[in-house]
Participant: 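Quick one: this structure, given as structure tokens, is what I'll be asking you about.
Side chains included, hydrogens not; waters and symmetry mates left out as well; all remaining heavy atoms used. Naming convention: chains lettered A, B, ... in sequence-line order (proteins, then strands); numbering from 1 in each chain.
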Amino acid sequence: MTPFENIYRPAIMKIAETRDEAPGVRTLRLEFQDPADLQRFRESYRTGMFGLYGVYGEGESTFCVASPETRNDYVECTFRRSGRVTTALASAEKGDLVTFRGPYGNRFPIEEFHGKNLLFIAGGIALPPTRSVIWSCLDQRDRFGKVTIVYGARTVADLVYKEELEEWGRREDVELVLTVDPGGESPDWKHRVGFVPSVLEEAAPSAGNCVAVLCGPPIMIKFTLASLKKLGFEEENVYTTLENRMKCGIGKCGRCNVGSVYICKEGPVFTAAEVAAMPPGEL
Amino acid sequence: MSEPFEPKIVAFVCTYCTYAGADLAGTSRLKYPSNVRIVRLPCTGRISPMFILKALQKGADGVLVSGCHPGDCHFDHGNYHARRRWTVFNSLLQFAGVPEERVRFSWISAAEGRKFAELISEITEDIRRIGPFEQYHALIAETGSPAPL
Amino acid sequence: MSLQEHYRSQARELLAAGAVKMVVGYAEGTTPERRRPVFITEPEECSRLVLDARCRTNLAGYLLREGLLSDGREIAVYLSTEGVRTINILAAESQLSSAQVRILGFEIDRDEVKAMEGKRAADFSEAILAHKERRKKQAPDELAAKLEAMNAAERFTFWQGEFSRCIKCYACRQACPMCWCRRCVVDNNQPQWVNTSSHTLGNLEWNLVRAFHLAGRCVECGNCGRACPVDIPLHLLNRKMTGEVLEAFDHYPGMDEHQEPALASFRKDDPETFIL
Amino acid sequence: MATLLYLESLSDCFASWRKEGLTVLAPVGEGALSGFREVERAEEANFDLLITRTTLKELFFPRTEPMLGYRIGKREIETEEFMPPVEGRIIFGARACDSAAMAIDDALFDWDYHDEYWFRRRESSVVFTIACREPDEFCMCTSLGLSPDSAKGSDVLLRPLEAGNGWQVEPVTDRGHKALSSIEQHLREGSGATAAPAEVPVKFDLEACRSWLANKENFESPFWREISERCIGCGSCTYLCPTCHCFDIQDEGDTYQGIRRKNWDSCSFQLFTMHTSGHNPRATQGARWRQRIMHKFNYYGGKFDVDSCTGCGRCTRECPVDMGVTETLQTIAAKQKQSERT
């Protein structure tokens with residue numbers, strides 16, 4: 001008989017680094033303990049894919065791989081402490097062992113972005129999936145045209161990846177537009193104040209030869225899509241990611257589908273046109 | 001030769017009376033068996049029947065729940081509420097076939113170090129006599145749960 | 001006029017006059033033996049309402065559907081004595097206002113259905129009192145008596161066999177009008193007190209927790225037992241708890257809407273013979 | 001001439017298989033207590049049962065299954081893999097609807113990722129299906145394009161003899177052939193008349209249902225709320241369904257040791273899709289019932305070219321509030337017919 005292959009078996013990961021991003025939000029850098037697991041990850045990981053991060057005794061939780069495909073010898077994830085698993089992950093320390101199952105799902109078609117201008121839009125805790133694409137593109141900067149990043153959070157404290165935001169802000173080949181919701185600014189805040197859709201409209205990036213990557217809470221997505229439409233973006237050129245509750249991550253446990261579309265297998269990356277075709281009542 | 005059976009007993013006690021009673025037993029150098037693991041809670045009113053089920057789930061052979069005498073509750077009436085709950089849960093456990101020796105309830109005040117020591121000895125002996133809670137342990141084993149490292 | 005006709009026309013009048021926004025009752029089911037819950041909002045649909053000795057389901061739980069009573073309007077509902085007691089308990093537990101519940105009372109006596117006079121839960125206190133007196137004298141059923149006669153190990157084995165069949169579909173919980181928690185204790189996972197898996201241990205834990213949470217609240221309507229797809233004798237556990245609470249605290253759940261819940265109240269002289 | 005197996009030699013067949021180290025399972029018990037359990041002798045089995053209360057799927061996809069045991073030390077995690085049992089099994093006396101369900105679920109458990117918890121059991125089991133002679137009022141296999149003597153998912157099909165003393169034997173798969181060769185000495189060649197299979201009336205037009213469900217406009221139809229108004233949100237229809245396969249993954253244990261398990265879960269449950277944030281994409285029972293119907297009769301077919309229902313009727317038979325797939329599809333078919341007319 002062939003050796004038993006357990007599709008539910010996770011890889012054991014060591015926490016190489018922890019970083020507190022914002023209140024309740026933390027980033028972990030995880031390193032594979034088994035070289036075979038690392039090898040598999042290197043071969044299969046592409047930006048946009050997700051994984052199930054776990055702590056034995058607590059369970060597994062799904063979020064995107066926040067690190068880019070151009071840096072594939074580790075896995076980074078950023079999450080908000082909210083349920084049982086994220087609470088356990090948040091209290092884990094450097095050197096602790098956790099688990100990772102994946103990478104699963106589809107990817108951003110980055111080759112199709114070659115030669116185009118890129119517009120990244122993210123809100124709050126949804127920067128991680130966008131960040132994965134941003135670095136994947138910045139790591140091969142000369143293949144792309146103009147890069148614009150519009151990122152907003154409720155308050156200054158809620159902005160994640162603060163160091164990277166600074167780095168992107170310093171770069172000449174990136175246009176960074178930061179904003180916080182009205183009332184969320186600190187006395188020394190030098191950037192914009194306002195909601196992402198209106199800030200985006202003010203910044204008015206050209207839709208010509210441009211693809212947009214948009215990640216955020218549903219309400220932000222809804223209004224930002226309207227703004228993008230005003231700016232002349234076609235739905236086929238706007239990419240986003242969807243999230244749903246998952247248990248298996250591989251199309252078997254039966255809960256993440258939106259209509260007939262399984263987020264875990266056919267997603268999490270979709271164009272706005274694909275999302276528009278989904279039944280709105282299930283999103 | 002197998003090891004002689006040492007009962008595993010979990011005691012859920014309130015911090016104001018029974019825990020203080022246990023403390024007194026200790027400082028008075030009263031001898032009692034070391035089979036009891038004490039879990040200290042603010043009041044018997046906080047001791048949910050879930051705790052008892054959890055102890056059994058983790059393989060306890062016996063459980064003791066103990067707090068202040070009626071009228072002595074630090075929070076005035078937590079133990080009166082607990083008493084009603086115990087009445088009902090005790091009856092349920094017995095109806096489900098959990099022998100009454102396995103789950104006991106008592107009032108032990110901060111001054112009753114001797115009562116604490118004697119009760120622990122008595123409960124431990126009772127359980128030693130009836131042996132490990134094999135019926136429950138069989139259910140635990142059936143889940144495939146691995147033994148502690 | 002049969003009771004069925006009488007209540008049909010009452011339902012029609014109530015809806016037509018706008019006195020109630022909905023009638024919760026029984027309609028014919030898939031087979032001639034079956035009855036099913038039905039929700040009528042139009043006077044002309046009232047001819048679907050059925051009332052006979054097959055109408056066993058306690059419908060009170062449907063009143064707790066999210067938002068149903070939030071507009072303050074009244075709903076008429078077919079209820080037996082157990083159902084009326086359920087309304088009293090739910091009102092005592094602040095889950096609904098009995099003023100919003102217009103009762104179409106009935107009682108099933110063997111194969112006959114009889115009217116119970118009254119409109120509001122408070123009108124049924126005599127009938128409830130009579131039930132309490134009858135319950136006090138009620139002897140345990142055959143299986144319960146057999147169980148009581150067993151020793152602990154035998155009882156454990158009996159329940160082990162019963163619970164091994166449980167598939168954790170939670171039909172008992174969902175069918176119970178008393179199980180109104182937004183999030184059941186087994187669905188809370190911080191901490192996870194009892195196992196969610198459907199092995200015998202997890203099933204035993206679930207069933208004990210369920211029985212305990214219904215102690216002093218269960219009206220013995222039988223919804224749980226009828227819903228159980230694997231016929232676990234859940235009523236034995238519930239009856240045991242009801243008997244215990246009645247005997248120890250003279251508490252019969254659902255006497256009126258001001259009755260304090262048995263496990264949220266106490267008397268200083270409550271019995272405590274088992275406490276060391 | 002046909003191959004016959006007489007009831008009187010069935011115990012000998014069981015003995016032959018058992019001698020080879022195979023476990024023999026058969027329907028036993030009555031009513032709510034009925035199910036497939038290990039038997040030694042033919043008399044223990046209850047072949048008069050129309051259908052067992054719990055389904056064949058439990059033998060392939062148990063309600064709770066340990067997958068990984070873990071022990072956490074200071075700086076290492078020890079894991080132990082729980083493999084499904086692989087000893088050979090003869091499942092004797094399944095019904096066509098239950099057996100067909102196994103073939104339907106194969107597609108899901110093989111969808112890109114091969115679930116060995118399912119397939120190891122499938123590969124080590126031989127399913128003998130007995131064609132039904134009598135339906136009850138809930139049976140509806142013929143409405144799903146199956147029949148009481150369908151061989152789908154079976155390894156051997158048995159047709160009851162008119163005299164009620166045995167079966168005509170039809171091997172379907174290689175596994176079936178092999179299992180039969182072990183009991184060759186107990187089989188007879190003969191020409192006993194077989195009983196006519198049960199006549200199960202067609203209850204709805206499946207094509208019409210499919211069309212209605214495929215129409216996007218109907219997704220938000222008030223029909224979904226109306227048909228499921230009395231649904232109490234329990235899992236009995238899904239757990240008693242031979243094809244329903246949704247599951248949860250749960251860790252049982254503590255921070256030192258425990259087990260990661262695969263447990264049945266149900267789309268009827270409110271918590272099934274609830275996000276940690278509290279947002280629930282399927283917030284109402286109507287949406288959850290719609291998911292169940294759409295999954296079975298639209299999504300599954302779209303992905304695997306087969307509907308996820310075999311018409312066993314258990315959902316209606318056992319529903320505490322008298323709901324079920326049958327009535328829903330009957331109503332849907334009628335709606336479709338009506339819209340085609342207008």
Participant: With a 4.5 angstrom heavy-atom cut-off, which part of D/T273 approaches chain A: side chain, backbone, both or neither?
Facilitator: both
Participant: Heavy-atom distance under 4.5 Å to chain A: side chain of D/Q291, backbone, both or neither?
Facilitator: side chain
Participant: Can you say whether D/H114 sits under 4.5 Å from chain A via the side chain, the backbone, both, or neither, judging by heavy atoms?
Facilitator: backbone
Participant: Most heavy-atom pairs under 4.5 angstrom with chain A, which of D/N280, D/T255, D/D248?
Facilitator: D/D248
Participant: What part of D/I77 is in contact with chain A, defined as an atom under 4.5 angstrom from a non-hydrogen atom: side chain, backbone, both or neither?
Facilitator: both
Participant: Which bit of D/F272 is near chain A, if near means a heavy-atom gap under 4.5 Å: side chain, backbone, both or neither?
Facilitator: both
Participant: Less than 4.0 Å between a side-chain N and a carboxylate O, is that true for A/K247 and D/D265?
Facilitator: no
Participant: Pick one of side chain, backbone, both or neither for D/M67, based on which atoms fall under 4.5 Å of a heavy atom in chain A.
Facilitator: both
Participant: Between A/R255 and D/C246 (side chain of the first, backbone of the second, donor and acceptor by atom type, cut-off under 3.5 Å), is there such a pair?
Facilitator: no
Participant: Has the side chain of D/K216 got a donor or acceptor atom that lies under 3.5 Å from a matching backbone atom of A/P279?
Facilitator: no
Participant: So which part of D/D110 gets closer than 4.5 Å to some heavy atom of chain A, the side chain, the backbone, both or neither?
Facilitator: backbone
Participant: Could you please spell out the steps behind the side chain to side chain donor-acceptor pair (under 3.5 Å) verdict for D/T276 and A/R80?
Facilitator: CA-CA 10 Å; D/T276 318; A/R80 185 189 299 281; over 6 Å; no
Participant: Answer with side chain, backbone, both or neither: which region of A/L283 has an atom nearer than 4.5 Å to a non-hydrogen atom of chain D?
Facilitator: backbone
Participant: So which part of D/Y300 gets closer than 4.5 Å to some heavy atom of chain A, the side chain, the backbone, both or neither?
Facilitator: neither
Participant: Is the shortest distance from a Lys or Arg side-chain nitrogen in D/D115 or A/K252 to a carboxylate oxygen in the other one below 4.0 Å?
Facilitator: no
